[in-house]
Amino acid sequence: MMEKTCVHRILTLFPNAIVRKLLLMVIFILVFWLIYLASKDHTKFLLHLRNPIILKQWSIFKKFPSSETIQNRTVSPTETELKIREILEKMDQLIPPRPFTHLNATTSAAHSVVTILNPQDMYCSGDQLDVLLEARDHLGQRKEYGGDFLRARMSSPSLKAGASGKVTDFNNGTYLVSFTLFWEGQVSLSVLLMHPSEGASALWRARKQGYDRVIFMGQFFNGTSQVLSECGLTLNSSAELCQYLDARDQEGFYCVKPPHIPCEALTHMSTRNRHISYLSKEEWRLLHRSNIGIEMMKNFASINVLPCNKSANIEKKCQVGMKTPFPSGYSLKGSWITAFCKQTKFNTAKSINDCLQRKLVYLMGDSTLRQWIYYFKNFMRTLKYFDHHGTGVFKTHILLDVERHILIQWRKHSHPFVTQQRFSLKDENYIPREIDQVAGDKDTAIVITIGQHFRPFPISIFIRRAINIKKAIERLFLRSPETKVILKTENTREVHQNAEMFSDFHGYVQNLILRDIFVDLNVGIIDAWDMTIAYFSNNVHPPDYVIANQIGIFLNYIC
């Protein structure tokens with residue numbers, strides 16, 4: 001009766017018959033909709049009525065996930081995560097666990113047997129010389145599995161000549177080491193045992209264990225005072241965290257939030273190594289400096305290479321998109337000569353200026369690429385340094401030639417960045433985001449290098465970053481296919497006392513992964529790994545003559 005009275009009163013407010021009919025239709029539809037919802041899930045329906053705060057889940061202002069969310073997601077894996085798993089499985093097959101009972105059972109450089117296949121009295125330039133290496137342990141027993149981390153090189157010191165050798169692992173304790181005899185003269189051959197297979201396997205296992213080998217110390221400013229707080233790629237802490245996340249690319253960084261200071265007050269960072277290891281004492285013996293880089297061809301005399309078989313000249317000009325073999329070239333009289341394309345020599349200031357005229361060059365990466373900025377500044381007097389302010393040597397570096405409209409900029413990659421020197425976080429970004437901000441055209445070039453700062457962390461961090469960089473380059477090519485993109489691979493470096501964190505084995509693995517990810521992309525490759533082996537630089541920051549030859553390849557790609 002009450003419902004009829006309410007409806008009657010409502011209808012008397014609308015004397016027009018047509019309006020009253022429309023109103024009745026709306027009321028009936030509303031009642032029918034409510035009954036339908038209640039019949040489908042009355043509990044859920046009532047919950048929405050009683051607890052409207054649930055609607056916040058649809059807000060565009062979503063809360064960031066916790067520190068573990070990005071690393072341990074429960075939702076269906078994305079395309080990137082599936083690719084990471086695929087690469088990890090591939091690397092696990094390449095570096096399987098190896099039994100390690102005693103040092104005597106590991107590969108011995110002194111006891112291993114090296115034989116030149118089909119030896120000759122003389123060799124011709126352009127020939128290939130093959131060496132068979134049979135790995136034996138310290139008791140003289142033949143190894144039955146592969147995985148030794150070897151480095152092969154040929155050289156002629158009097159000619160300032162050097163080249164990498166190619167190592168093929170047959171996974172049964174034998175290896176084929178191939179040398180291309182690029183030049184004529186007396187040539188010495190070398191095969192170094194960097195790590196036995198047991199050491200390489202231990203490094204690979206240890207790398208997967210955790211993120212805590214490096215301590216990141218964030219500097220928060222609160223007015224005139226500053227507060228230090230621990231940060232990291234992930235933090236195992238119950239304290240309130242500041243979360244600096246890139247939701248699109250699933251990149252995360254975290255800091256313990258200082259009391260009464262906003263997360264936005266984080267301005268600077270520095271790092272130090274934590275005294276932590278995931279290796280046993282016996283495994284550390286394998287990685288002692290005295291057991292790294294041991295010569296396996298000690299008693300071999302140099303060979304004589306004659307100019308009897310001159311190879312044909314390479315006619316195709318160097319350009320991005322070319323597949324680079326290994327070795328990709330060789331040094332001779334200090335100059336780098338590519339083995340797969342025709343080079344133009346850029347050895348005068350005028351030739352470099354002519355190449356760079358109207359060019360925008362963006363260098364994105366670590367300090368091995370910052371060396372390019374220093375070289376350009378010292379060699380090209382027309383390029384003037386622009387003070388971009390910032391802190392220390394890791395601030396943004398810019399060189400300008402206003403008359404020729406040349407800009408060269410270096411900016412460091414974002415987390416992880418490992419250095420004891422304090423650096424600013426306000427002038428950096430993840431490389432994919434940096435690439436997204438480049439408009440691109442035929443006179444724009446981007447050079448990228450990552451690797452050295454990723455070595456102390458689980459390999460998945462490096463893989464994700466490389467995949468995200470590839471996606472950013474693909475987006476760049478959609479809007480500007482003429483933009484030149486060049487990857488400089490990782491340098492070799494000095495033998496570090498902390499091999500668990502900085503061994504070249506990690507760099508070797510990262511180079512393999514990088515080539516796998518970018519195999520089908522139209523980019524240029526500067527194989528710094530190959531070059532630094534050939535030059536035997538053994539320094540994370542190679543000398544200027546190596547940098548000059550890296551830049552020479554870059555100029556060939558863009559001009």
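We use all heavy atoms of the structure for the numbers below, so side chains are in, but hydrogens, waters and symmetry mates are not.
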Full working for side chain to side chain contact (heavy atoms under 4.5 Å, CB included) between Asn104 and Asp137 | CA-CA 6 Å; Asn104 286 340; Asp137 63 24; over 6 Å; no
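- Screening Arg465, Glu428, His453, Arg433 against Ser414 for a side chain to side chain donor-acceptor pair (under 3.5 Å) leaves a single residue, Glu428.
- Residue-environment remark: OH (Tyr385) exceeds the threshold of 12 foreign heavy atoms within 6.0 Å.
- Among the candidates Tyr244, Phe253, Tyr254, the single residue satisfying the ring pair (Phe, Tyr, Trp, His ring centres under 6.0 Å) test with His415 is Phe253.
- Of the possible polar contacts, none joining the Tyr508 side chain to the Phe149 backbone as a donor-acceptor pair under 3.5 Å is found.
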Test Asp212 against Tyr278 for side chain to side chain donor-acceptor pair (under 3.5 Å), laying out the working first.
-> CA-CA 11 Å; Asp212 49 358; Tyr278 296 99; 2.7 Å; yes
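- Salt bridge Glu295/Lys298: absent, no basic N to carboxylate O contact under 4.0 Å.
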Report the C-alpha distance between Tyr362 and Gln437 in whole Å, list the side-chain angles of each, state the deciding distance to 0.1 Å, and finish with yes or no for side chain to side chain donor-acceptor pair (under 3.5 Å).
-> CA-CA 11 Å; Tyr362 298 98; Gln437 294 174 9; over 6 Å; no
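- Between Val114 and Phe300, the shortest heavy-atom distance links the atoms O-CZ, 3.1 Å.
- Under a cut-off of 6.0 angstrom, the local environment of NZ in Lys281 is sparse, with at most 12 non-hydrogen atoms contributed by other residues, nucleotides or ligands.
- Checked for salt-bridge contact, Arg464 and Glu251 miss the test: no charged N lies under 4.0 Å from a carboxylate O.
- A distance-only check finds a donor-acceptor pair linking the side chain of Asn291 to the backbone of Arg285 [under 3.5 Å].
- The minimum heavy-atom distance between Ala135 and Thr107, with the atom names listed, is CB-CG2, 3.9 Å.
- With Asp520 as reference, Lys470 is the one residue of Lys323, Lys470, Arg515 to meet the salt bridge (charged side-chain N to carboxylate O under 4.0 Å, His left out) rule.
- Without hydrogens or angle criteria, Thr489 side chain to Ala528 main chain gives a donor-acceptor distance under 3.5 Å.
- Environment of CZ in Arg142: crowded, with over 12 heavy atoms of neighbouring residues, nucleotides or ligands closer than 6.0 Å.
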Go through Thr368 and Asp366 one step at a time and tell me if the side chain to side chain donor-acceptor pair (under 3.5 Å) criterion holds.
-> CA-CA 6 Å; Thr368 67; Asp366 57 34; 2.5 Å; yes
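- At a threshold of 4.0 Å, the pair Lys471-Glu474 does not count as salt-bridged, since none of the basic side-chain nitrogens sits closer than that to a carboxylate oxygen.
- Residues Ser164 and Asp530 approach most closely at OG-OD1, 2.6 Å, considering heavy atoms.
- In this structure, Met501 and Asn273 have side chains that are in contact, with non-hydrogen atoms separated by less than 4.5 Å.
- Salt-bridge formation is not detected for the pair Lys395/Asp427: no Lys NZ or Arg NE/NH1/NH2 atom is positioned less than 4.0 Å from an Asp or Glu carboxylate oxygen.
- Formation of a donor-acceptor pair under 3.5 Å by the Glu282 side chain with backbone atoms of Phe100 is not found in this model.
- Met531 has its side chain within reach of Gln550: a pair of non-hydrogen atoms, C-beta onward, lies under 4.5 Å apart.
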For the pair Val131 and Thr115, evaluate side chain to side chain contact (heavy atoms under 4.5 Å, CB included) and give the outcome as yes or no after the intermediate values.
-> CA-CA 6 Å; Val131 171; Thr115 307; over 6 Å; no
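- Remark: side-chain polar atoms of Arg153 are paired, donor with acceptor, to backbone N or O of Ala534 under 3.5 angstrom.
- When the SG-SG distance for Cys263 and Cys242 is compared with the 2.5 Å cut-off, it comes out below that value.
- Side-chain contact check for His195 versus Ser503: some heavy-atom pair is nearer than 4.5 Å.
- For the pair Asp504/Thr492, a side-chain contact is recorded, criterion being any heavy-atom separation below 4.5 Å from C-beta on.
- Considering all non-hydrogen atoms of both residues, Ile373 and Gln409 come closest at CD1-C, 4.4 Å.
- Considering only heavy atoms from C-beta on, Lys208 comes within 4.5 Å of Asp92 through its side chain.
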Evaluation steps, side chain to side chain donor-acceptor pair (under 3.5 Å), between Arg422 and Ser270 | CA-CA 5 Å; Arg422 193 173 71 115; Ser270 62; over 6 Å; no
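- Counting non-hydrogen atoms of other residues, nucleotides and ligands closer than 6.0 Å to NZ of Lys377 gives a total of 12 or fewer.
- Under the 3.5 Å distance criterion, the side-chain polar atoms of Glu81 are matched with a main-chain donor or acceptor of Thr78.
- No donor-acceptor pair closer than 3.5 Å links the side chain of Ser155 to the backbone N or O of Ala161.
- Under a 4.0 Å N-O distance rule, the pair Lys488/Asp527 does not qualify as a salt bridge.
- Counting heavy atoms from C-beta on, the side chains of Val191 and Leu133 come closer than 4.5 Å.
- By the 30° and 60° cut-offs, the orientation of the rings of Phe376 relative to Trp372 is perpendicular.
- Cation-pi geometry between Arg151 and Trp529 is satisfied (NZ or CZ under 6.0 Å from the ring centre, within 45° of the ring normal).
- You'll find the side chain of Arg455 reaches within 4.5 Å of the side chain of Arg493, heavy atoms only.
- Remark: the backbone N or O of Ile525 is paired with a side-chain donor or acceptor of Tyr557 at under 3.5 angstrom.
- Judged by distance alone, the side chain of Glu283 and the main-chain N or O of Gly199 form no donor-acceptor pair under 3.5 Å.
- Results of the ring pair (Phe, Tyr, Trp, His ring centres under 6.0 Å) test with Phe417 over Phe216, Phe457, Phe454, Phe423 single out Phe423 as the only residue that passes.
- Around the CZ atom of Arg272, the shell of radius 6.0 Å holds no more than 12 heavy atoms that belong to other residues, nucleotides or ligands.
- Side-chain contact between Pro456 and Phe502 is present, with heavy atoms from C-beta onward closer than 4.5 Å.
- When atom types are taken as modelled, the side chain of Lys412 and the backbone of Phe394 share a donor-acceptor pair closer than 3.5 angstrom.
- Using a 4.0 Å cut-off between charged nitrogen and carboxylate oxygen, Glu230 and Arg274 count as a salt-bridge pair.
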